[in-house]
Amino acid sequence: MTVERTENPRAQIGVTGLAVMGSNIARNFARHGHTVALHNRSVAKTDALLEAHGDDGDFVRTETIEEFVAALQKPRRVLIMVKAGAATDAVIEELANAMEPGDIIIDGGNALYTDTIRREAALRERGLHFVGAGISGGEEGALNGPSIMPGGPTESYEALGPLLESISAHVDGTPCCTHIGPDGSGHFVKMVHNGIEYADMQLIGEAYNLLRDALGYDATTIADVFSEWNTGTLESYLIEITADVLRQTDATTGKPLVDVIVDAAEQKGTGRWTVKSALDLGVPVTGIAEAVFARALSGSRTQRAAARGLASGALGDKPADATQFTEDIRRALYASKIVAYAQGFDQIAAGSAEYGWNVDRAALATIWRGGCIIRAQFLNRIKEAYDADPQLPSLILAPYFREAIEAGIDSWRRVVATATMLGIPVPAFASSLSYYDGLRAERLPAALTQGQRDFFGAHTYERIDADGKFHTLWSGDRSEIRA
Ligand code: 6PG
């Protein structure tokens, strides 16, 4: 451990904001042989880190921002790990005042991508590089290898990429870190990553709910089902930890922990941002939206208390063959998961087109194979699909995914129908299936919607047999005119 106050610029990277994520990333850099300058608003956190983990590598202890900046080699690289929002702006301002043109500020928090776009432009004016970097993997990932999604100027990646790649997770020798694109693209894709995370978690929750309420399985039995699923196409971090959570026994009551946790899911906002952005971009991310709303519904405690006991209507029979139904749920989960990822990748394509980011979806799937919360075997398949066709209109059209869905479609319908007949809510399973049916439909009721819009607002419509826009004179003789 080297603990010193120094004006010698010997640190390759600085980390400011030493809560758990910041501390772990700083330790990760140090463990990879980089000298890390440490800074925190209250120096007690810096000292606590050095006290507990100073042996991880070479750290430079600093107290003031000026001292912190002076400890860094040029171009200076500072990673900010503070709460998204006003706190980030305050730290950026302090840093920018102490830094010089060519220096790089990296925001590793879950910032809103539009904030990142704004900050990047403002700092560019001052000659500084600003890199909004999505970092996924939670506390454990931050320490042992996260997935890193840096945006910002291409030049800054030259000075930053090797450092970030060295601490990221690696899959088959490939780092889970790549330059995503300019300005806010890194935080945008991290936001969508989190949206997909919400959908994935909701789908897993629905599968658990069905195993519990349709089949009457207890938590340990369900844990075994998830462990089994984790050996196949569903293999993923979230399925793996689901089994762990379900196996945990509560020390106080001796019951499964999951049975004593209040069933109201919270959220910090990235899922909601994803849906808001999808609404603006006009991308139907129905799985993600249902997941966000399902959390909101779970947290509507007053309404839920008042509605408990409302009539269910006549319910159907529970599945006769538990083994068959478990397999149906597995297939429905996989198909719905494919839809959620397809929608998320569509949103990334739309965001990329809107902002001119040129995001490479195959490269993104590559860096999501390890380190991040949604890491999963099937990200390899997504990578292959976009490698084979970078312009793929939808993931569900790639041969592998098409076959997977076609193999599971009967199961998927049985699960949604059975859940409906048993009064078990499956918003994400059901909306994903409806999305699939909507996308493959020969004809949608949108024709009627257009007729209605033309009726009450003269909004016009297109015809299937002629170019141009048309309007029917609804309040006149109901003849059609060209608009
Ligand atoms: C990650 C996680 C991380 C965080 C989520 C939790 O990729 O490491 O997504 O960013 O745990 O923001 O989000 P909610 O609190 O909204 O569930």
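As the structure is a prediction and not an experimental result, all values here were calculated from the model. First listed ligand is number 1; within each ligand, the first listed atom is number 1.
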Using a strict cut-off of 4.0 Å, indicate which atoms of ligand 1 neighbour a heavy atom of [X].
X: Tyr198; result: 14 (P), 16 (O), 17 (O)
X: His193; result: 7 (O)
X: Gln267; result: 16 (O)
X: Ile373; result: 1 (C), 2 (C), 7 (O), 8 (O)

Take Glu63 and Arg61, measure what salt bridge (charged side-chain N to carboxylate O under 4.0 Å, His left out) needs, and give me the verdict at the end. CA-CA 7 Å; Glu63 290 188 5; Arg61 176 188 185 276; 3.0 Å; yes
Just need the protein heavy atom nearest to [atom], so name the residue and atom and give the distance.
atom: atom 2 (C) of ligand 1; result: Glu197 OE1, 3.5 Å
atom: atom 4 (C) of ligand 1; result: Asn110 ND2, 4.4 Å
atom: atom 7 (O) of ligand 1; result: Ser136 OG, 2.4 Å
atom: atom 8 (O) of ligand 1; result: Gly137 N, 2.9 Å

Taking the ring centre of each residue, are Phe378 and Phe401 less than 6.0 Å apart?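 Ring-ring flag for Phe378/Phe401: true, centres closer than 6.0 Å.
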Under 6.0 Å between ring centres, would you say that holds for Trp368 and Tyr341? no
Salt bridge present between Asp115 and Arg118 (N-O < 4.0 angstrom):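 Between Arg118 and Asp115 there is a salt bridge, with a charged N closer than 4.0 Å to a carboxylate O.
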Does Asp56 come within less than 4.0 Å of Arg31, counting only side-chain N to carboxylate O?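 Here Asp56 pairs with Arg31 in a salt bridge, since their nearest N and O are under 4.0 Å apart.
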State whether a side-chain donor-acceptor pair under 3.5 Å links Asp218 with Thr221. yes
Side chains of Gln202 and Glu206 only: does a donor on one sit below 3.5 Å from an acceptor on the other?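 On atom types as modelled, these side chains qualify, holding a pair under 3.5 Å.
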Are any of the N/O atoms on Lys268, whether in the backbone or the side chain, positioned under 3.5 angstrom from an N/O atom of ligand 1?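 Checking ligand 1 against Lys268, an N or O pair does fall under 3.5 Å apart.
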Test your reading of the structure: does Gly138 have an N or O sitting under 3.5 Å from an N or O of ligand 1? yes
Give the single entry among Asn194, Ile196, Ile135 that approaches atom 5 (C) of ligand 1 most closely by any heavy atom.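 Answer by nearest heavy atom: Asn194.
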Heavy atom under 4.0 Å from ligand 1: found in Met201's side chain, backbone, both, or neither? neither
Of Leu50, Leu49, Asp55, which is the lone residue that meets side-chain contact (heavy atoms from CB on, under 4.5 Å) with His53? Leu49
Please check atom 17 (O) of ligand 1 for a protein heavy-atom neighbour under 4.0 Å.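 Yes, at least one protein heavy atom sits under 4.0 Å from atom 17 (O) of ligand 1.
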Return the orientation label for the Trp412 and Tyr436 ring planes: parallel under 30°, perpendicular over 60°, tilted otherwise. tilted
